[in-house]
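Worksheet: one structure, shown below.
As the structure lists them, so they are numbered: ligands from 1, and atoms in each ligand from 1. Computed from a predicted model, the values in this text were never measured in an experiment.
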Amino acid sequence: MPRGQLILIEGLDRSGKSTQSQVLFEKFSPDSSLVKFPNRETKIGSIINEYLTDSDFHLSDQSAHLLFSANRWELAQSIIDDLNEGKFVVLDRYIYSGIAYSLAKSKQSSVQPEMSSVDWLYSPDKGLPKPDLTIFLTLDLKELGNRKGWGEERYEKEEFQKTVKSCFEEVFKQHDKIKSIDVNGKDIEQVTALIWAELEAHGATTLTERAIEKFE
Ligand code: T5A
């Protein structure tokens, strides 16, 4: 039986991922599901939420990295089940955020060698379902700083986001099926049109007979 496709929207903080993920979810509705990472509703997600919103809450960088991955594993089976039921699953962030943000932290302090190893950072996510297509939303950091809500959470600092952006680029070199879209100066509808054009170009808007790939 044909399955739905796994579509991932990645990007910097406040780049418009949630807005566009919601639009895609509605376009594919009723055969769709939307999964945001971190998912703050789970037990592990509630610890992550505390970590992101309370600067007095301390975790080692390694622990935080593994919690973000564990949060993805909490939902992995339900993602696979939805795909097999013929649903289009839209992911709002996923493993590339996990690697890029942790790698960016390692560039700020050189005392934790495992945090600067992409292999080490990637390993807990091996086995998770792999997106059929990943869209990466890029924009200038100046425009990012003007977005509503900017600066409220742990990683929303211009200098850090600059490092995150270069880390995403480093991580993407080792992965395929990723398409960057420059959203500078474009309104929500214009960005949606560009995303939809990419999905159509990659055959990601129809059911597929291909087996679900896993990260390996
Ligand atoms: N993280 C995450 C890790 O460190 N490791 C991991 O493994 C994972 C999964 C929280 C943090 O966790 C880190 C990365 C993050 O620092 P999050 O909850 O996804 O992750 O946090 P944000 O990225 O900040 O999520 P947001 O939902 O706040 O940002 P979005 O989704 O990028 O942006 P969105 O769509 O909410 O839009 C932000 C604002 O911009 C407007 C919207 O209306 C909204 O006001 N907007 C536009 N304005 C103008 N033009 C457009 N085209 C616009 N599109 C949206």
Indicate whether the side chain of [X] and that of [Y] have a donor and an acceptor atom separated by less than 3.5 Å.
X: Gln112; Y: Ser106; result: no
X: Ser60; Y: Ser63; result: yes
X: Glu156; Y: Gln161; result: no
X: Thr208; Y: Asp132; result: no
X: Asp13; Y: Tyr101; result: yes

Of the protein's non-hydrogen atoms, which lies at the shortest distance from [atom], and what is that distance?
atom: atom 20 (O) of ligand 1; value: Arg93 NE, 3.4 Å
atom: atom 16 (O) of ligand 1; value: Asp13 OD2, 2.8 Å
atom: atom 8 (C) of ligand 1; value: Phe68 CD2, 3.5 Å
atom: atom 35 (O) of ligand 1; value: Thr19 OG1, 2.5 Å
atom: atom 18 (O) of ligand 1; value: Arg40 NH2, 2.8 Å
atom: atom 51 (C) of ligand 1; value: Arg147 NH2, 3.4 Å

For ligand 1, is there an N or O atom under 3.5 Å from any N or O atom of [X]?
X: Tyr94; answer: no
X: Ser18; answer: yes
X: Gly98; answer: yes
X: Tyr101; answer: no
X: Gly16; answer: yes
X: Ser15; answer: yes

_For Arg72, the ligand 1 atoms whose distance to one of its heavy atoms is below 4.0 Å_ = 6 (C), 7 (O), 9 (C)
*Check whether any protein heavy atom sits under 4.0 Å from atom 44 (C) of ligand 1.*
no
*With under 30° as parallel and over 60° as perpendicular, where do the rings of Phe136 and Phe168 fit, or are they tilted in between?*
tilted
*Answer with yes or no after comparing the ring centroid distance for Tyr122 and His175 against a 6.0 Å cut-off, counting only values under it.*
yes
Which is it for [X] and ligand 1 at heavy atoms under 4.0 Å: side chain, backbone, both or neither?
X: His65; answer: neither
X: Gln20; answer: neither
X: Leu52; answer: side chain
X: Arg14; answer: both
X: Glu156; answer: side chain

*Give the intermediate values and the outcome of side-chain contact (heavy atoms from CB on, under 4.5 Å) for residues Asp176 and Lys130.*
CA-CA 10 Å; Asp176 57 358; Lys130 187 175 178 181; 3.0 Å; yes
_Partners meeting side-chain contact (heavy atoms from CB on, under 4.5 Å) with Glu158 (sequence neighbours left out)_ = Leu141
*Qualifying residues under side-chain contact (heavy atoms from CB on, under 4.5 Å), relative to Leu194, sequence neighbours excluded*: Ile181, Lys186
_Going by side chain to side chain contact (heavy atoms under 4.5 Å, CB included), Pro129 matches just one of Val89, Leu91, Ile79. Which one?_
Ile79
_Considering Lys36, Lys105, Glu10 one by one, which has a heavy atom nearer to atom 17 (P) of ligand 1 than any of the others?_
Lys36
